[in-house]
Number of protein chains: 2
Amino acid sequence: MDGGGRIAIGALSKHTGTNIETVRYYERVGLLPAPARSSGGYRLYGTDHLKRLNFIRRARALGFSLAEVQKLLTLADQRRRPCADVRIVAAAHLQDVKAKIADLRQMQRVLKDTVARCEAGTGSHCPMIDALYTDAEAAARRPATVRR
Amino acid sequence: MDGGGRIAIGALSKHTGTNIETVRYYERVGLLPAPARSSGGYRLYGTDHLKRLNFIRRARALGFSLAEVQKLLTLADQRRRPCADVRIVAAAHLQDVKAKIADLRQMQRVLKDTVARCEAGTGSHCPMIDALYTDAEAAARRPATVRR
DNA sequence: CCTTGAGTCTGGAGTTACTACAGACTCTAC
DNA sequence: GTAGAGTCTGTAGTAACTCCAGACTCAAGG
């Protein structure tokens, strides 16, 4: 059970839906252990790599940063009751997600309003541009946790 | 009315809540026009710069990318009815924001569930770790438009 | 006039999480 | 043995800043 699947990087990539370059990137930054190599230097992965990579992808899909994924993996690696620690990481991330949703909803509200005024307006100037030039009220107030 | 406020970068930075480095960055990438200089090479800004920088910050606070801000500024600069064009940019961005909210809500749901199971669980293994190792159902399904 | 301390200058590197090459090499099947 | 697909390394690019070093400027006080 030490994983002897012996698959090349392309197969691993396909099985996990991960870009080949991304797999190598994960290895470079230490998320995925360096696999065995063929005589010619090809990476050969086992089932343990497959599992670990799936773990990473799922955590990423839930919005965990690579640093958080690293933490979770470390916790998962040590058998003895990491559950409380895991919960701390996950709960913190959940708070993050909540804050982002709140921010985005605020954006959405202002955007909707302004676009609506834009559609209604028949004047010579644009309500959207006006808002950006002169409103302090709507935007620019909050730090905005969400980055693009 | 061609803006002769003559303030240095630090003052501009304070007035707009923008980092000094960010102001220079905006100039470098062409969002903010290069201001006049003092004899010693200090940047000297006028009220037009102040207005433009405020525009940029408000648009950014609404989640517009710098490329979008660039577009909006160009549209704002040309007097003749850019409102329809502005609305196109803003509406597209609004769709973006909506999609991100949907994604984040999905994340939030799964995270909440799993954290809750984590809190309830008294067994020896962690439901969060389990989910990441074995669930295909919850995560990894959607491409996730939101990046951190 | 000189000094001092805060402000500003430039250029370059670092951040996150990848993605995209180029040019060389390997592997497999025929 | 050769063709074609797969893989290798290393480097550079993306977005939107942020930070740093080392040099220079500016305004006020003595």
Side-chain angles (χ1 to χ4, degrees), chain A residues 6-32 34-45 49 53 55-73 93 96 100 103 143-148, chain B residues 6-32 34-45 49 53 56-73 93 96 100 103 140 143-148:
Chain A
R6 317 285 91 192
I7 60 172
I9 198 167
L12 183 72
S13 161
K14 235 158 240 159
H15 278 307
T16 58
T18 313
N19 200 326
I20 288 183
E21 325 267 9
T22 305
V23 176
R24 286 197 282 249
Y25 171 74
Y26 286 161
E27 178 182 330
R28 204 162 60 247
V29 299
L31 274 182
L32 205 55
R37 298 285 186 129
S38 75
S39 55
Y42 279 27
R43 288 173 179 81
L44 295 174
Y45 296 96
H49 287 100
L53 183 50
F55 184 107
I56 296 170
R57 297 308 286 177
R58 286 175 193 139
R60 292 288 300 130
L62 285 176
F64 286 100
S65 69
L66 288 191
E68 286 167 334
V69 174
Q70 183 67 282
K71 257 187 233 168
L72 291 174
L73 278 169
H93 177 52
D96 247 46
K100 272 178 201 164
D103 258 18
T145 58
V146 179
R147 313 236 168 270
R148 296 162 45 96
Chain B
R6 317 285 91 194
I7 59 171
I9 199 169
L12 184 73
S13 161
K14 236 158 239 160
H15 278 307
T16 58
T18 312
N19 200 326
I20 288 182
E21 323 269 7
T22 306
V23 176
R24 287 197 282 248
Y25 171 74
Y26 286 160
E27 178 182 330
R28 204 162 61 247
V29 299
L31 274 182
L32 205 54
R37 298 286 185 127
S38 76
S39 57
Y42 279 28
R43 288 172 179 81
L44 295 175
Y45 296 96
H49 286 100
L53 183 51
I56 297 169
R57 296 310 285 177
R58 285 174 193 139
R60 291 289 298 130
L62 284 177
F64 286 101
S65 69
L66 288 191
E68 286 167 333
V69 175
Q70 183 68 282
K71 258 187 232 168
L72 292 175
L73 278 169
H93 178 52
D96 247 47
K100 272 177 199 161
D103 256 21
T145 59
V146 178
R147 311 237 168 271
R148 297 161 46 94

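Below, chain A is the first sequence line, B the second, and so on; all start at residue 1.
Applying the side chain to side chain donor-acceptor pair (under 3.5 Å) rule to A:E27 yields the partners A:R43; only residues at least two apart in sequence or on another chain are considered.
Atom-to-atom, CD1 of A:I9 to P of C:dT26 comes out at 17 Å; the value is rounded to the nearest Å. Between the CG atom of A:L66 and the C1' atom of C:dT15 there is a distance of 13 Å, rounded to whole Å. The distance between atom CG of B:L53 and atom C1' of D:dC17, rounded to the nearest whole Å, is 14 Å. Rounded to a whole Å, the CG atom of B:L12 is 10 Å from the P atom of C:dT8. Atom CD of B:E27 is separated from atom C1' of D:dC17 by 15 Å (rounded to the nearest Å). Whole-Å rounding puts the B:K14 NZ to C:dA6 P distance at 12 Å. In this entry the distance linking CD1 of A:I7 with P of C:dC27 reads 17 Å, nearest Å. Whole-Å rounding puts the B:E68 CD to D:dA16 P distance at 9 Å.
Within residues 18-25 of chain B, the residues that place at least one heavy atom under 4.0 Å from DNA chain D are, in residue-number order, B:N19, B:E21, B:T22, B:Y25.
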Check nucleotides 28-30 of chain C against the protein and report each pair of N or O atoms closer than 3.5 Å, with its distance, or say if there are none.
none

Polar atoms only, N or O, under 3.5 Å: list the protein pairs with nucleotides 25-29 of chain D and their distances.
residue, atom, partner, partner atom, Å
D:dT25, O2, B:Y42, OH, 3.0
D:dC26, OP1, B:S38, OG, 2.9
D:dC26, OP1, B:G40, N, 2.8

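Among D:dT9, C:dC9, C:dC18, the nucleotide with an atom closest to any side-chain atom of A:R57 is C:dC18.
Between the side chain of A:S13 and the backbone N or O of A:T18 there is at least one donor-acceptor pair closer than 3.5 Å.
Distance CG/B:L53 to CG/B:L12: 5.0 Å, rounded to 0.5 Å. Here CG of B:L62 is found 11.0 Å from CG of A:D103. Values are rounded to the nearest 0.5 Å.
The minimum heavy-atom distance linking A:A36 with A:R6 is given by the pair CB-NH1, 3.9 Å. Closest approach of A:Y45 to A:P35, counting heavy atoms only: CE2-CG, 3.4 Å. For the residue pair B:Q70 and B:V29, the shortest heavy atom distance occurs at NE2-O, 4.4 Å.
In terms of phosphate contacts, A:R28 brings no side-chain nitrogen or oxygen within less than 4.0 Å of OP1 or OP2 of C:dT19. Between A:R37 and D:dT7 there is no side-chain polar atom (N or O) within less than 4.0 angstrom of OP1 or OP2. Proximity of B:Y26 to the phosphate of D:dC17: a side-chain N or O atom is located under 4.0 Å from OP1 or OP2. OP1 or OP2 of C:dC9 has at least one side-chain nitrogen or oxygen of B:R43 nearer than 4.0 Å.
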Name the atoms and distances for all side-chain donor-acceptor pairs under 3.5 Å in residues 19-26 of chain B, with sequence neighbours left out.
residue, atom, partner, partner atom, Å
B:N19, OD1, B:E21, N, 3.4
B:Y26, OH, B:R57, NH1, 2.7

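Looking only at side-chain heavy atoms (C-beta outward), B:K100 and B:D96 come within less than 4.5 Å of each other.
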